[in-house]
Amino acid sequence: MTARNIIESLEKLIKLHKSFNQLAIRKTAILKANDTEAITALLISEQKHIKAISQDG
């Protein structure tokens, strides 16, 4: 693996982790609002992020 490939992979992981962090912030607000429909949708989105991070990691 070249240095460029490593840098690209790290940049992608950083992007995914930042997005995942934004989901966590939204999750806090949703939990405080007790919005069960929104939490279900958010959990699905979280699973997609986890899968993407796991594949790149």
Side-chain angles (χ1 to χ4, degrees):
M1 184 180 276
T2 67
R4 185 74 217 143
N5 289 353
I6 293 170
I7 292 168
E8 288 173 359
S9 291
L10 288 173
E11 287 172 345
K12 186 174 182 181
L13 283 171
I14 289 168
K15 183 179 176 182
L16 286 167
H17 280 279
K18 283 182 179 181
S19 178
F20 194 61
N21 188 50
Q22 289 301 311
L23 285 176
I25 292 167
R26 283 184 39 219
K27 187 182 210 179
T28 301
I30 291 169
L31 288 171
K32 286 180 181 178
N34 199 26
D35 186 347
T36 55
E37 288 180 24
I39 196 68
T40 301
L42 188 123
L43 289 173
I44 292 168
S45 185
E46 276 186 344
Q47 288 301 315
K48 291 177 184 177
H49 277 76
I50 292 168
K51 185 177 179 181
I53 291 169
S54 296
Q55 289 175 350
D56 285 341

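All values below come from the heavy atoms of this structure, side chains included, with hydrogens, waters and symmetry mates left out. As the structure is a prediction and not an experimental result, all values here were calculated from the model.
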### Task
Please identify each residue that fulfils side-chain hydrogen bond (donor to acceptor under 3.5 Å, both in side chains) with S45, with sequence neighbours left out.
none

### Query
Roughly how far apart are L42 CG and H49 NE2, rounded to 0.5 Å?
9.5 Å

### Query
Are R26 and Q22 close enough that some pair of their side-chain heavy atoms sits under 4.5 Å apart?
no

### Query
Between atom CG of L16 and atom OG of S54, what is the distance when rounded to the nearest 0.5 Å?
10.0 Å

#### Entry: Pair E8 + R4, salt bridge at N-O below 4.0 Å
yes

### Query
So, does S9 use its side chain to make a donor-acceptor pair with the main chain of N5 at under 3.5 Å?
yes

### Message
Side chains of Q47 and L43, heavy atoms from C-beta outward: is any pair under 4.5 Å?
### Response
no

If you look only at distance, which donor and acceptor atoms sit under 3.5 Å apart when one is on a side chain in residues 32-40 and the other is two or more places apart or in another chain?
residue, atom, partner, partner atom, Å
D35, OD1, E37, N, 3.4
D35, OD1, A38, N, 3.2
T40, OG1, T36, O, 3.0

#### Entry: With sequence neighbours excluded, residues passing side-chain hydrogen bond (donor to acceptor under 3.5 Å, both in side chains) with K27
E46

